[in-house]
Novice: 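The structure under discussion is supplied below as structure tokens; questions concerning it will follow.
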Amino acid sequence: MQHNHADNLPNSDNPSYLANLNNEQLEAVEITDGALLVLAGAGTGKTRVLTTRIAHIINTGLAYPNQILAVTFTNKASREMTERVASMLHHDVSGMWLGTFHSICAKILRRHAEAIGFQSNFTILDADDQVRLLKKIMEEAGIDTKKHTPKILMSIIQGYKDKGWNPDQVQSGFAGDFADGKIVQIYDAYQRRLRNINAMDFGDLLLHCLTMFQKKPDILATYHGFFKYILVDEYQDTNVAQYMWLRLLAQASGNICCVGDDDQSIYSWRGAQVGNILRFSKDFPNAQTVKLEQNYRSTHHILAAASSLIANNKSRIGKTLHTTSIDGETVRVKFLWDGDEEAKFVANEIESMTTSMTREKHSMSQFAVLVRAGFQTRAFEERFLTLNIPYKVVGGLRFYERAEIRDAIAYIHVLMQPNNDLAFERIINTPKRGIGKSSLEVLYRNSRDQSIPLYDSTAQMVNDGALPAKAGKVMGELLNQFANYRRMLNDVEHDKVVEQMLEETGYLGMWRDEAKKERSPEAEGRLENLRELIRALAEFESLGDFLEHISLVMDNDQNKSGEMVNIMTLHAAKGLEFDTVFLPGWEEGLFPHQRSLDESGSGGLEEERRLAYVGITRARKNLFITHAANRRIYNQWQNSMPSRFLKELPAQNVDILSSNLNMSQPIYERKFEPRVEPLNRAIPAAKGIDTNAFQMGNRVFHEKFGYGYINNINGDNLDINFDHTGKKTLKSSFVKKS
DNA sequence: GGGTCCCCGTTTTTT
DNA sequence: ACGGGGACCC
């Protein structure tokens with residue numbers, strides 16, 4: 001990532017890999033013993049430090065690769081780290097415990113599954129399975145799944161797991177009256193059910209591993225023996241469970257090095273605790289701290305903008321980034337009429353930079369548009385399509401989240417683990433086999449009554465002739481087929497077996513039929529994905545290997561690589577860098593996002609600000625920030641105020657391009673007035689102003705207060721009883737019928 | 001068992 | 001606006 005340094009290092013006997021490090025980096029590498037916190041600002045070479053540190057530990061003989069535990073959050077990060085360490089050393093580093101928190105926990109848990117009441121071939125549920133299972137449990141417990149959606153309850157349960165709480169450990173005050181006060185009971189039932197079907201969700205991988213370490217000191221001791229050095233990437237993203245897990249493991253050797261940046265903590269909504277990094281030195285005795293503040297990425301204008309903005313945050317450790325790059329363009333802020341104009345501006349800017357003869361050559365892949373929310377990408381996509389600017393939207397649906405891939409994987413699950421109820425349920429009537437709701441009910445009841453897996457129960461009912469003739473025949477056939485494929489696995493290559501299975505059970509045929517219809521242009525793509533899946537299968541030793549991989553690792557990286565502009569969310573951009581970055585949508589309500597402010601107050605605002613900081617620091621040379629006067633959200637036009645973050649940028653590093661701002665004032669005093677001539681465009685905002693359209697009892701929606709019913713109408717004023725925010729009186733133009 | 005209509009929700013997302 | 005999911009009906 002860093003250009004100033006050579007990336008290929010000569011050989012392992014000569015620690016020349018240390019030569020290119022600056023003093024702070026060197027310190028971070030050489031303080032090998034004890035607890036060390038490396039506060040690594042954006043673009044300060046943190047991955048370099050981590051990998052060099054590992055190389056150094058191995059190279060100086062402090063530890064063998066298999067005595068090092070290095071944890072990351074994403075598979076991408078762990079892959080990168082593996083590659084970089086390997087290229088630095090001649091040693092074989094394959095024995096190193098390098099991986100994501102989840103993959104390492106899974107590895108450990110498979111070795112000791114029996115000790116905690118699982119079998120070692122437990123399945124790992126994905127988000128979809130989790131919710132489906134939870135929903136079933138809620139229904140069994142008589143919870144109204146409309147009033148309390150499974151998705152919400154799931155996130156609450158995940159929250160408990162993130163904190164390291166088993167059902168009996170949920171602290172009072174955190175259970176509240178979720179799900180009619182039955183949340184803990186549901187959580188408990190959910191965990192029991194998972195255990196019954198020998199399955200874990202992602203949160204469990206950590207929770208169970210942590211619980212096991214706490215309850216089985218002998219097992220923990222084994223790992224104390226294994227891990228002499230522990231390294232943690234993106235430490236600011238750890239949740240409580242991960243923190244406790246790390247602390248337990250580090251107890252023995254005391255050698256733990258955590259690298260992170262409190263200013264880039266943007267995942268509190270999924271359990272990350274900035275607190276972990278803020279109190280590091282209290283938690284680990286004699287901890288040392290090294291700050292990496294030399295930035296190798298951005299120009300000083302960009303860095304100044306980032307620093308000035310983030311300085312507005314109160315809860316931070318505080319560091320100041322420096323750069324030697326003093327030339328360069330100022331940060332440019334542009335004010336536009338609406339989202340389409342914004343996209344037009346960005347597209348034009350890209351066009352002129354890529355076609356200009358006089359200026360340096362800009363490659364498409366060095367542009368990035370970083371948005372706050374997914375819906376913002378559309379305007380850019382449309383504009384880029386019209387102008388023929390190649391682009392990719394990074395981080396859409398992941399490969400394994402696609403319906404057809406999930407179906408195919410469910411088939412493989414049933415093949416390998418017939419008692420995987422969730423998988424069997426998924427494919428029992430896909431393609432349509434004429435097993436309807438009522439037949440399913442019967443199968444479930446039998447399965448539950450006898451406490452046997454759905455698969456076995458179905459087989460039993462088929463044998464006993466307990467099913468309607470047609471269903472019995474169809475199911476019998478399907479079960480026979482599965483038995484047959486299972487036998488085939490002994491002497492036929494597994495990818496061939498899977499292909500045959502998907503073919504003969506009619507699954508591929510289902511999509512082929514679909515492709516023939518006119519209305520489904522995506523069916524062809526699904527078939528292509530399935531072919532890709534089968535191709536991928538061949539690369540694995542066995543289907544078992546494949547399933548482990550798929551549940552933990554499968555990437556969306558059908559890396560449409562090549563010369564394309566990148567469009568992605570700010571969250572997805574963390575860790576990346578581009579020559580030119582566009583940050584659109586800097587408006588109050590969108591960025592900072594209203595919901596973040598509503599739900600988390602000043603903490604939410606600070607996290608939004610960190611997100612802005614992450615966005616700014618992605619840019620190497622050019623940074624454009626835009627905001628629009630009008631934006632359509634849920635098909636409703638709203639006019640918006642410029643983001644407060646704009647006022648936090650330092651005037652001397654910013655150029656305001658053609659807007660109605662008064663440049664003579666200091667930037668923080670400038671008034672942002674979206675006083676714009678209405679061009680030739682009608683403002684469709686007038687919708688919903690017609691009071692006659694509202695009637696007593698109407699259900700309405702308000703951007704801030706949510707949903708509610710109209711109690712009373714007084715001319716243009718509506719008395720509304722909002723579901724969550726109580727009674728308010730509002731002008732009718734502020735609400736819309738829902 | 002399958003088609004149709006209505007209601008809800010619509011920030012960020014890894015594993 | 002729009003898609004997904006559930007209720008309802010045939």
Novice: Send over the distance from A:K136 NZ to C:dG6 P, rounded to a whole Å.
Specialist: 13 Å

Novice: Atom CG of A:D598 and atom P of B:dT12: how far apart are they, to the nearest Å?
Specialist: 16 Å

Novice: With a non-hydrogen cut-off below 4.0 angstrom, is A:I435 in contact with a base, only sugar-phosphate, or nothing?
Specialist: sugar-phosphate

Novice: What's the closest nucleotide to the A:T100 side chain, out of B:dT15, B:dT11, C:dA7?
Specialist: B:dT15

Novice: Looking only at side-chain N and O atoms, does A:T569 come under 4.0 Å of OP1 or OP2 in B:dT13?
Specialist: yes

Novice: Assign the ring pair A:Y160 / A:W165 to parallel, tilted or perpendicular, where the plane angle (0 to 90°) is split at 30° and 60°.
Specialist: tilted

Novice: With a 4.0 Å cut-off on heavy atoms, is A:G374 in touch with a base, just the backbone sugar-phosphate, or nothing at all?
Specialist: sugar-phosphate

Novice: Between A:R595 and B:dT10, is there a side-chain N or O to OP1/OP2 distance below 4.0 Å?
Specialist: yes

Novice: What's the CD-C1' distance between A:E588 and B:dT11, to the nearest Å?
Specialist: 15 Å

Novice: With sequence neighbours excluded, what pairs up with A:R595 under the salt bridge (Lys or Arg N to Asp or Glu O under 4.0 Å) test?
Specialist: A:E599

Novice: When the distance from NZ of A:K574 to C1' of B:dT14 is rounded to whole Å, what number comes out?
Specialist: 11 Å

Novice: Hey, which sits more toward the 5' end of DNA chain B by its nearest nucleotide, A:K151 or A:L570?
Specialist: A:K151

Novice: Write down the distance between CZ (A:R270) and P (B:dT12), rounded to a whole number of angstrom.
Specialist: 13 Å

Novice: A:H102 stacking on B:dT15: centroids under 5.5 Å, ring planes under 30°?
Specialist: no

Novice: Please report the distance, rounded to the nearest Å, between NE2 in A:H148 and P in C:dG5.
Specialist: 21 Å

Novice: Ignoring backbone atoms, test whether A:N75 places a side-chain nitrogen or oxygen under 4.0 Å from the OP1 or OP2 oxygen of B:dT15.
Specialist: yes

Novice: May I ask you to say whether A:R610 pairs ionically with A:D262, meaning some side-chain N is under 4.0 Å from a carboxylate O?
Specialist: no

Novice: Rounded to whole angstrom units, what separation is found between the NZ atom of A:K161 and the P atom of B:dT13?
Specialist: 22 Å

Novice: How long is the line joining CZ of A:F101 and P of B:dT15, in whole Å?
Specialist: 13 Å

Novice: Any side-chain N or O of A:K107 below 4.0 angstrom from OP1/OP2 of B:dT15?
Specialist: no

Novice: Of A:F73 and A:H571, whose nearest nucleotide on DNA chain B comes first from the 5' end?
Specialist: A:H571

Novice: Where the side chain of A:F202 is concerned, which of B:dT11, B:dT13, B:dT15 is the nearest nucleotide?
Specialist: B:dT15

Novice: Find the distance between CG (A:D237) and CG (A:N239) and round it off to the nearest 0.5 Å.
Specialist: 10.0 Å

Novice: Anything under 3.5 Å between a donor and an acceptor, one on a side chain of residues 131-140 of chain A, the other on a protein residue two or more places apart or in another chain? List them.
Specialist:
from   : atom 1 : to     : atom 2 : distance (Å)
A:R132 : NH2    : A:D129 : OD1    : 2.9
A:K136 : NZ     : A:E425 : OE1    : 3.2
A:E140 : OE1    : A:R193 : NH2    : 2.7

Novice: Is A:W269 stacked on the base of B:dT13, meaning ring centres closer than 5.5 Å and planes within 30 degrees of each other?
Specialist: no

Novice: Which of the following nucleotides, B:dG2, B:dT13, B:dT11, is nearest to the side chain of A:N429?
Specialist: B:dG2

Novice: Any sub-3.5 Å donor-acceptor pair from A:T149's side-chain atoms to A:K146's backbone N or O?
Specialist: no

Novice: With a 4.0 Å cut-off on heavy atoms, is A:E599 in touch with a base, just the backbone sugar-phosphate, or nothing at all?
Specialist: base

